[in-house]
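Below: one structure, written as structure tokens.
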Protein chains: 2
Amino acid sequence: MEPDPERKGEAVRGGRVGIRDVARRAGVAISSVSRVLNGNPNVTPALRQRVLEAVEALGYQVNLVGSDLRRGTTRTVGVVIDDIANPLFAEIMLGAEATLSAAGYLVTLMSSHGTARGDAAALRHFRGRRVDGLLLALSDDTGADWHAALAAGDGGCPVVLLDREAPLPCHSVLSDHAQGMDAALTELVGAGHRRIGLMLGPLCTRPGRARLRAFEAGLRARGLNPDARFVTLHTPATAADAERTMAGVLRRPAADRPSAMIVGGGQLLTGALRALHAAGCRLPEEMSLLVCDDTPLAELHRPGLTALRRDVIGIGRAGAELLLEAMKAPGAEPRSATIPIEIVRRASVGPPAA
Amino acid sequence: MEPDPERKGEAVRGGRVGIRDVARRAGVAISSVSRVLNGNPNVTPALRQRVLEAVEALGYQVNLVGSDLRRGTTRTVGVVIDDIANPLFAEIMLGAEATLSAAGYLVTLMSSHGTARGDAAALRHFRGRRVDGLLLALSDDTGADWHAALAAGDGGCPVVLLDREAPLPCHSVLSDHAQGMDAALTELVGAGHRRIGLMLGPLCTRPGRARLRAFEAGLRARGLNPDARFVTLHTPATAADAERTMAGVLRRPAADRPSAMIVGGGQLLTGALRALHAAGCRLPEEMSLLVCDDTPLAELHRPGLTALRRDVIGIGRAGAELLLEAMKAPGAEPRSATIPIEIVRRASVGPPAA
DNA sequence: TTAGGTTTTGGAAACGTTTCCAAGGCCGCG
DNA sequence: CGCGGCCTTGGAAACGTTTCCAAAACCTAA
């Protein structure tokens with residue numbers, strides 16, 4: 001092939017064609033190419049066409065890194081999720097994405113796979129890359145380090161917390177776990193249960209803390225004592241871990257174990273059911289089960305599982321809306337949305353066996 | 001007014017503290033700050049400390065956009081997923097992330113929510129931001145536009161396709177759907193079924209195409225005719241859509257409907273089960289069910305659902321390994337890994353009713 | 001003590017854009 | 001015919017880094 005002198009400039013620099021190559025090829029200034037590409041109206045049709053031809057011919061595509069640097073903005077928001085395997089997360093994402101992409105933002109995601117280190121890495125990536133906003137369901141909202149980063153609002157971008165809390169006020173969308181747990185206890189106590197167990201994820205995020213607090217307060221309010229043996233924490237909240245816990249519970253004599261179990265969200269349900277099935281334990285005759293998040297598994301299991309439900313897409317949507325506001329008016333007063341929780345009665349709750 | 005010379009530089013530019021502010025404060029050159037921050041060994045302890053103090057005092061954090069631009073690399077790989085709600089996706093991600101982060105790469109994700117436009121937007125974002133590699137489970141692998149983009153390897157970065165195919169050879173990890181579907185048919189035909197239905201997602205990705213092809217070929221090889229009425233496509237593959245389909249099937253008289261159904265992956269199973277439960281259809285007495293991907297729902301449903309299983313984490317891992325290789329040796333011959341599929345027998349397949 | 005070498009440091013040039021500013025062309029109107 | 005104003009275009013200065021290069025400082029050995 002003849003080394004076309006026209007292509008020389010392109011070949012020089014690592015084979016990557018940049019805006020200057022387009023400009024040279026079209027015989028115009030770099031700034032004109034930029035104007036065409038950004039839809040600036042003050043451009044002659046003839047010039048526009050020449051530029052477009054050159055773009056086409058060279059297969060040019062803009063380097064957004066340069067563009068981001070110059071503009072100082074990215075039209076992108078970052079989402080950090082603690083547990084990508086949580087069945088709810090997809091819906092949160094759906095809700096957020098619909099709202100944000102309608103507003104012209106791209107949504108990118110990082111998982112922090114359950115560790116504070118993962119949180120930090122994701123935060124560093126997103127902030128350092130200058131996303132315009134952040135939606136955070138961190139693995140650990142108790143760390144002093146990121147509280148500091150959050151406080152230094154000056155170097156940062158607008159942030160909305162998803163069911164997480166920080167020592168300082170902050171945009172957030174919070175599920176009403178207190179209400180949910182109370183409904184759960186009403187249901188179980190109403191059915192006659194006195195010994196109620198609770199399986200939770202870690203306490204380093206709000207759902208775990210809020211559920212535990214509401215559980216203990218709710219029991220006491222009903223004149224019952226929370227039994228520490230029957231409250232288990234799972235860090236991280238894996239199915240295998242939950243299976244072990246439930247298997248342990250089922251090994252106890254029936255009179256000395258909870259007659260009802262409340263299972264927290266995430267993958268705990270999967271593990272709990274494995275143990276239940278393995279032990280041949282019948283629901284609700286031998287044990288009542290109530291799960292803290294409604295999923296297809298809870299709905300379609302036979303018997304159907306009584307569950308707490310919230311508008312998960314709504315969580316994502318509310319988070320996105322709060323974030324859009326915050327990006328529009330950066331200095332504004334922190335606001336928070338509260339998502340109600342309702343109980344869905346199915347067949348897994350019945351009177352206690354004993 | 002006397003602007004404090006010390007703070008002048010910082011205040012001047014939008015309140016954001018940059019490397020030059022650090023340099024000024026520490027009384028050293030910008031390049032020295034950079035060296036300290038990047039762990040360059042040729043740096044006096046004294047200088048290092050002064051820089052670190054300034055960093056601390058100013059709360060400086062590096063702007064990775066500038067860094068990316070200069071370096072031309074990001075230590076980041078992008079993942080594009082067609083359907084974030086697919087239960088398998090989390091495990092793929094897990095496998096990929098473990099391998100890639102061990103190699104020092106950050107993993108970021110975008111969903112293309114089932115549309116070719118989403119694919120294009122995600123690709124534009126990632127390539128434009130100069131990720132070092134791409135793991136793609138696109139919504140539509142049939143588009144000529146992105147084939148072209150793929151072919152222009154010169155402007156792009158290494159790419160690994162996840163169960164997608166392109167007209168030109170390309171790194172990829174492919175599930176052996178032919179083998180899986182064959183095992184499924186063996187199972188069903190072996191149980192005595194002659195009228196077998198198939199619910200699939202869209203044909204614009206490989207799993208749909210491969211399953212359909214294998215289904216038709218497999219039936220013919222067994223002397224059976226695929227009945228077009230019993231093969232349904234779902235674009236996109238939502239649970240609601242699948243529920244409608246299954247409800248329609250169940251409205252037919254028993255003699256005129258499939259005695260066994262094969263349900264594709266994603267959210268189709270959820271919808272199918274809803275319809276089955278609503279109709280009070282007993283498995284496997286009134287219908288046999290076989291599902292193309294093994295999930296907690298398939299496992300824990302009663303009766304347990306016979307399913308096709310593959311090492312999903314392994315898919316992510318294999319993709320990541322291929323990508324690491326490709327990033328190390330960009331020009332190398334495209335390679336592909338094949339993931340076997342096995343059948344997991346549970347209780348949802350039995351002899352036909354009729 | 002000086003020459004030669006090795007570290008350590010500073011200065012400046014990139015990286016690829018966007019955008020400001022000024023100059024040039026063109027138009028219409030006086 | 002000339003002049004003011006608009007539209008279009010080109011040039012150059014940012015944006016915040018990293019890294020190359022050269023100068024300075026230090027050390028060792030002759």
Side-chain angles (χ1 to χ4, degrees), chain A residues 9-10 12-51 54-55 58-75 124-125 127-130 132 155, chain B residues 9-10 12-51 54-55 58-75 124-125 127-130 132 155:
Chain A
E10 310 151 25
V12 157
R13 293 181 351 285
R16 215 137 203 173
V17 2
I19 198 176
R20 59 219 293 144
D21 301 309
V22 177
R24 194 167 326 167
R25 167 106 179 196
V28 303
I30 293 182
S31 47
S32 294
V33 177
S34 177
R35 273 187 287 262
V36 169
L37 262 30
N38 292 295
N40 186 316
N42 296 338
V43 148
T44 305
L47 184 124
R48 180 188 316 277
Q49 186 183 343
R50 259 195 306 164
V51 167
V55 165
L58 298 173
Y60 168 73
Q61 40 192 13
V62 55
N63 181 333
L64 293 173
V65 181
S67 171
D68 289 347
L69 178 60
R70 171 62 223 227
R71 295 182 127 111
T73 185
T74 53
R75 301 298 286 173
R124 202 162 38 236
H125 167 87
R127 299 193 106 125
R129 256 94 186 180
R130 295 294 185 266
D132 294 343
Chain B
E10 310 156 24
V12 157
R13 296 182 345 285
R16 215 137 203 171
V17 3
I19 198 175
R20 60 215 296 143
D21 302 309
V22 176
R24 194 166 328 167
R25 167 107 180 196
V28 302
I30 293 183
S31 46
S32 293
V33 178
S34 178
R35 272 187 288 262
V36 169
L37 263 29
N38 292 295
N40 186 315
N42 295 339
V43 147
T44 305
L47 184 126
R48 178 188 318 276
Q49 185 182 344
R50 258 194 307 163
V51 167
V55 165
L58 298 172
Y60 168 73
Q61 41 192 13
V62 55
N63 181 333
L64 294 173
V65 180
S67 171
D68 289 347
L69 178 59
R70 172 61 223 227
R71 297 182 126 110
T73 185
T74 54
R75 303 296 285 173
R124 201 162 39 237
H125 167 87
R127 299 193 106 126
R129 256 94 187 181
R130 295 294 184 267
D132 294 343

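Lettering of chains follows the sequences in order, A, B, ..., and the numbering in each one begins at 1.
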Show me the donor-acceptor pairs within less than 3.5 Å that the side chains of residues 36-43 of chain B make with the rest of the protein, sequence neighbours left out.
residue: B:N38; atom: ND2; partner: B:S34; partner atom: O; Å: 2.7
residue: B:N38; atom: ND2; partner: B:S34; partner atom: OG; Å: 3.2
residue: B:N40; atom: OD1; partner: B:N42; partner atom: N; Å: 2.9

Contacts under 3.5 angstrom, residues 63-71 of chain A side chains, donor-acceptor by atom type, not counting sequence neighbours:
residue: A:N63; atom: OD1; partner: A:V65; partner atom: N; Å: 2.8
residue: A:N63; atom: OD1; partner: A:G66; partner atom: N; Å: 3.4
residue: A:S67; atom: OG; partner: A:R71; partner atom: NH1; Å: 3.2
residue: A:D68; atom: OD1; partner: B:R129; partner atom: NH2; Å: 3.0
residue: A:D68; atom: OD2; partner: B:R129; partner atom: NE; Å: 2.9
residue: A:D68; atom: OD2; partner: B:R129; partner atom: NH2; Å: 3.3

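When every heavy atom of B:V51 is checked against every heavy atom of B:V22, the shortest pair comes out as O-CG1, 4.2 Å. The minimum heavy-atom distance linking A:A54 with A:R25 is given by the pair CB-CG, 3.6 Å. Between B:Y60 and B:I19, the closest heavy-atom pair is CE1-N, 3.5 Å. Of all non-hydrogen atoms in B:I30 and B:R20, the two that sit nearest each other are CD1-CB, 3.9 Å.
Rounded to whole angstrom, the span from the OH atom of B:Y60 across to the C1' atom of D:dG16 amounts to 7 Å. The CG atom of B:N63 sits 13 Å away from the C1' atom of C:dC15 (whole-angstrom rounding). The nearest whole Å value for the distance from the CG atom in B:N40 to the P atom in D:dT18 is 11 Å. Between A:R48 atom CZ and D:dC7 atom P there is a gap of 15 Å when expressed in whole angstrom units. For A:L64 and C:dC15, the CG to P distance is 18 Å, given to the nearest whole Å. Atom CG in A:D68 sits roughly 11 Å away from atom P in C:dT17 (whole-Å rounding). Rounding to whole angstrom units, CG of residue B:L69 and C1' of C:dT18 are separated by 13 Å. Atom P of nucleotide C:dG16 and atom CZ of B:R71 are separated by 16 Å, given to the nearest angstrom.
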Under 3.5 Å, N/O pairs linking protein and nucleotides 4-14 of chain C:
residue: C:dT8; atom: OP2; partner: B:N42; partner atom: OD1; Å: 3.2
residue: C:dT8; atom: O3'; partner: B:T44; partner atom: OG1; Å: 2.7
residue: C:dT9; atom: OP1; partner: B:T44; partner atom: OG1; Å: 2.9
residue: C:dT9; atom: OP2; partner: B:T44; partner atom: N; Å: 3.1
residue: C:dT9; atom: OP2; partner: B:T44; partner atom: OG1; Å: 3.4
residue: C:dG10; atom: OP2; partner: B:A29; partner atom: N; Å: 3.0
residue: C:dG10; atom: OP2; partner: B:S32; partner atom: OG; Å: 2.8
residue: C:dG10; atom: N7; partner: B:S31; partner atom: OG; Å: 3.2
residue: C:dG10; atom: N7; partner: B:R35; partner atom: NH2; Å: 3.1
residue: C:dG11; atom: O6; partner: B:S31; partner atom: OG; Å: 3.4
residue: C:dA14; atom: N3; partner: B:R70; partner atom: NH1; Å: 3.0

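When the C1' atoms of four end pairs are superposed on the next four at each end of the helix from C:dT1-D:dA30 to C:dG30-D:dC1, using five pairs per end, the two resulting axes differ in direction by 50°, to 10°.
No side-chain donor-acceptor contact under 3.5 Å links A:R130 to the backbone of A:G72.
The side chain of B:S67 places no N or O atom within less than 4.0 Å of a non-bridging phosphate oxygen (OP1 or OP2) of D:dT17. An OP1 or OP2 oxygen of C:dT18 is reached within less than 4.0 angstrom by a side-chain nitrogen or oxygen of A:N38.
Here A:T73 pairs with A:D132 under the side chain to side chain donor-acceptor pair (under 3.5 Å) rule; sequence neighbours left out.
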